[in-house]
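Letters A, B, ... mirror the listed sequences (proteins, then strands); counts begin at 1. Both backbone and side-chain heavy atoms feed into the values below; hydrogens, waters and symmetry mates do not.
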Number of protein chains: 4
Amino acid sequence: MIYAVFLQKPDPNPQELCYSMQFIITAVGPDHRGLADPIVHCVTELGANISEIQMFDHDEESLFSMLTRVELAPNRVRDLSEAANEISVRTGLSIRTWSPDIVDRKPRLAICATYRTETPRAVLQAVQDGQIAAEAAVMISNRQACRSLAEEYDVPWFTIGDAEGKADDDQLINICDEHQIDYIVLARYMRILPPSSVWKYAGGRIINLHHGLLPSFPGMRPYHDAFAVRMLTYGATCHFIVPELDAGNQIINQSTFSVPPGTPIDAIVRRGQEENEPACLVEGVRRVVAGEVRLHFNRIVATA
Amino acid sequence: MIYAVFLQKPDPNPQELCYSMQFIITAVGPDHRGLADPIVHCVTELGANISEIQMFDHDEESLFSMLTRVELAPNRVRDLSEAANEISVRTGLSIRTWSPDIVDRKPRLAICATYRTETPRAVLQAVQDGQIAAEAAVMISNRQACRSLAEEYDVPWFTIGDAEGKADDDQLINICDEHQIDYIVLARYMRILPPSSVWKYAGGRIINLHHGLLPSFPGMRPYHDAFAVRMLTYGATCHFIVPELDAGNQIINQSTFSVPPGTPIDAIVRRGQEENEPACLVEGVRRVVAGEVRLHFNRIVATA
Amino acid sequence: MIYAVFLQKPDPNPQELCYSMQFIITAVGPDHRGLADPIVHCVTELGANISEIQMFDHDEESLFSMLTRVELAPNRVRDLSEAANEISVRTGLSIRTWSPDIVDRKPRLAICATYRTETPRAVLQAVQDGQIAAEAAVMISNRQACRSLAEEYDVPWFTIGDAEGKADDDQLINICDEHQIDYIVLARYMRILPPSSVWKYAGGRIINLHHGLLPSFPGMRPYHDAFAVRMLTYGATCHFIVPELDAGNQIINQSTFSVPPGTPIDAIVRRGQEENEPACLVEGVRRVVAGEVRLHFNRIVATA
Amino acid sequence: MIYAVFLQKPDPNPQELCYSMQFIITAVGPDHRGLADPIVHCVTELGANISEIQMFDHDEESLFSMLTRVELAPNRVRDLSEAANEISVRTGLSIRTWSPDIVDRKPRLAICATYRTETPRAVLQAVQDGQIAAEAAVMISNRQACRSLAEEYDVPWFTIGDAEGKADDDQLINICDEHQIDYIVLARYMRILPPSSVWKYAGGRIINLHHGLLPSFPGMRPYHDAFAVRMLTYGATCHFIVPELDAGNQIINQSTFSVPPGTPIDAIVRRGQEENEPACLVEGVRRVVAGEVRLHFNRIVATA
């Protein structure tokens, strides 16, 4: 695996290596004491520049999380990886390193779905057509409804749900780790990822499709909520998941359609599910994969 | 002036007149005692069926209002008009009768504007093109910025604002009364009509263009409010004004557009003002004039 | 049953009877055609002055409702009652007449409860102590949890719930009709009254206790919702139920308590349920029964 | 100045120094590159444990901020202070170190006010009475209205406003720096502190009094906003200011009062300003000064 090397702020001393690449290091553990120090020492010793640190605690759940974004000379990449492993083994922290600067290969997607097939199908088709320049590496679901889709598009399929559809959240992360997933795409996946999962893939790697306009219509029934206030416009929102914050600041794409007064709710929901949601997610994933947007201090920035 | 006669629920006795037409009677006065009785007696004596009554008080302002929707035999129309005049003279109430069942003539519009020319121009052009099957009877403004528009489209122009742009609200209603206006179109008119004006033309006769998606983005700066929560979708809302209620239930049309992340607010506002708002209002006015929607118990209903 | 006669606006002709009393007439039916006319004709013929009319439709449910508030000479009370019966028989409308001007007897309360005993007990005790000048006429519940309370305070008990606690809403109204209930007190009754029930006892006769501060914390879990946004103040709201509108305008009483940071949610809920809610409802019912507040055009007004 | 030394997690090796105290280091600069590294290196070399790091950017304003909370052996306090100075001089960052573990002296308050005298007077009186165990070190205002209060309580007075009341925000911070202020108390100070000022005193050192219940009633007119939705409960909120977040999670104290229906807004505002707000702020400042609450990852925690 070879990563891109981007020129940033050329060093005044031309003899020194002046390239660097961006890395995101996430660490999750049960105690905020001892969370920051080993990571900070590690990146400092590797000569990395620290661009961003975010720490959070969920004290009710004894879950402590840190995201560190650094710029590192490419010849130290292996050292970073080894150091992260060493810290993980020594401290018990769950640590991941990842760079958004991907070259010489296509980004790898995990497509998560539950019941509805329209949006996962649209993503799979857009990947096949080259509209999304990525690889559909795995499909993951807590239900069986989309299994035939995986077969149709020849993508490895993993079921992580029990008989009632309850998802094994750790298994989802394990599958993504094992398959070196770059981006987790929630294509109408109807389970909520726990904070620990979200933190493990923090930094702009989890892309969700919400079937309403955010931030106005969150919740489980956005079509019905908008209908109840007699709106004539319905929408979908593709956004990065950042667990500590409202979803309003991490919007990658929004799509809408308008209907005339008197349109029944069933027709609205059908049009949303069959046309608007798939188009919204495909364009959102395309933007991320194409590098047009990134998360920067928990906000979307255009990188074009 | 001849009104439509629509067949409704044919009477079992074929010898009786079985046609009727809908009338809306509004009454506004300074005291809620004595407001309802004369109207109710009048329509009862004329043999009208009462379909709807709405009463409100604004006790802080000593303003009491009533809307009565009745079905009346067409041969009693003149009697209704005379009775309304008589009550008005006798009681001092401000009374208006109006029927949405307009035939043999085009509905007459009063187009109200302030600074921006895009939406009033779009309405005037759509009237000229026949897209809106109405007559642009007058233009009314509290400023001079749109006066040349009136000249260009050869529509009588009335200024109701003083040097600071403060509007004479009574004069606005007087102009509409004198020109037998059916619908008041607020095409980016930047003054708020007082409750007494709204009540005088109640029942689905005042059409407003709000430059944001309702009910999510009310207020004076909906573009900036949506931008502040990092939305990528911006919209406009055409709605009937019903003063006692939130605007959420009276939406006639909504139009939207989406932008990619990083689009500056200035470009968003410009696109909204120049393209989206005019299209939204034109389609909304067209729906009302074409009789596709009506207000019914303060809610929009499709009449198709 | 004798009602109060209050002097209002003495007639210039002293020989005519110049007393009048207020009546509220509610009518509920399946069709808005034919709803208003018979009521309006009736009160007109009886010489009543119409003070207020509210009509609503729930077209999805084919439910049409009207509230009429009139002032009537006391010697026509029997005529009104008979006319209402006659209309009801002839048209199939569900009609009720009631006057808030109660004298020579105590107002009769129906106390509705489900699981929690604190608030119904507090109301029963306040009635027994004379703090609330009313009669606890019946207790109604969809569960059995409060039955012993009824026995303790010697109040007739009616169960209207099935094995799963689903309430028979019609039976609730029937019980109130049969026992000539003036006010329905929802003392932590955990079922939502349907619009048809609310309309039958419209005009300020249904008093609810909500266990959160309205309008900020509606919903089923107001303690938890306030806790989630880290509030340190918790409250309860006693309000009239008016089904077509937000509850914000019909507040009779609000009570609060504040806690220091770190107070666990369980302690907060307990204090709210055991102390704050009962006190809030008792004072609210007292205000209504004592005639200190009334509903007037869907708003609370102080009548002191 | 001597700081407290608290025992934390005794080290298994008794020969090592096992005391530590908490320090908050804030750094504000115009560029996020180079913000984190010098601070992180410094605390690492001093042997501090990093408990918390928060970084934010305000890219529109080129303002980058970091808060670092560390635990440090008391014998390294002077080294930390010197290192911070050295970094500040070398990098141009605005750096402050402060410990909430204050002993052998009273915490020093800067009391900021504008027009109303009730809340600053209440704080001054509570300090004089010993109810708040602090020293009123300075009063700061953008207006002259409270100057006589400073004289009455013999507290140094500083005016930072121009003729129109516009405040010199840098001067406010300079005064606090020079007078070694521990806590800035905004006692109805009617100017908004800019993010750069808030970051310089981040970590739970700026205590605000908002004259409404948060988060329900933010904004400039919370009494009127609550009145407009017909609430009967009015409140005040004492909270730490944390600029990047809603104020809902940093509440130190809330106080409320309830009124009967019909109470005029003027009487409500008067009671709020004269009784409720002063009591709310005094108790809030008392809690902070007494060490009963602290900010921990942007949330209030009880430290009792």
Side-chain angles (χ1 to χ4, degrees), chain C residues 204 212-218 222 225-240 242 245-264 267-268 276 279-280 283-284 286-288 290-296 298-304, chain D residues 204 210 212-218 222 225-240 242 245-264 268 276 279-280 283-284 286-288 290-296 298-304:
Chain C
L213 279 182
L214 291 177
S216 308
F217 296 98
D225 292 344
F227 190 80
V229 293
R230 309 258 166 175
M231 282 193 84
L232 297 178
T233 285
Y234 297 83
T237 302
C238 175
H239 64 103
F240 286 126
V242 179
L245 301 174
D246 292 340
N249 285 354
Q250 292 81 37
I251 298 174
I252 303 165
N253 187 33
Q254 286 186 313
S255 309
T256 60
F257 62 100
S258 295
V259 298
T263 309
I268 292 166
N276 191 59
C280 183
E283 171 63 9
R286 190 199 65 72
R287 286 180 185 172
V288 174
E292 297 180 4
V293 295
R294 279 203 190 159
L295 261 194
H296 176 82
N298 288 323
R299 291 209 295 268
I300 289 280
V301 292
T303 49
Chain D
H210 175 72
L213 280 180
L214 291 178
S216 307
F217 297 98
D225 292 344
F227 190 80
V229 293
R230 308 256 166 175
M231 283 194 84
L232 298 178
T233 286
Y234 296 82
T237 302
C238 175
H239 64 103
F240 286 125
V242 179
L245 302 173
D246 292 340
N249 284 355
Q250 292 80 38
I251 298 175
I252 303 165
N253 187 34
Q254 286 185 312
S255 309
T256 60
F257 62 100
S258 294
V259 297
T263 308
I268 292 166
N276 192 59
C280 182
E283 171 62 10
R286 190 200 64 73
R287 286 180 186 172
V288 174
E292 297 180 5
V293 295
R294 278 204 191 158
L295 263 194
H296 176 82
N298 289 324
R299 290 208 296 267
I300 289 281
V301 292
T303 49

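- In terms of non-hydrogen atom pairs under 4.5 Å with chain D, the most contact-rich of C:Ile252, C:Asn253, C:Thr263 is C:Ile252.
- Interface remark: C:Ser255 contributes backbone atoms only to the contact with chain D (heavy atom separation under 4.5 Å).
- Atom OG1 of C:Thr256 is separated from atom CG of D:Leu213 by 8.0 Å, given to the nearest 0.5 angstrom.
- A 4.5 Å side-chain heavy-atom check between C:Arg287 and D:Pro260 finds at least one atom pair inside the cut-off.
- With a threshold of 4.5 angstrom between heavy atoms, D:Phe257 does not approach chain C through any atom at all.
- Counting heavy-atom pairs closer than 4.5 Å to chain C, the top residue among D:Pro261, D:Ser258, D:Gly262, D:Gly235 is D:Pro261.
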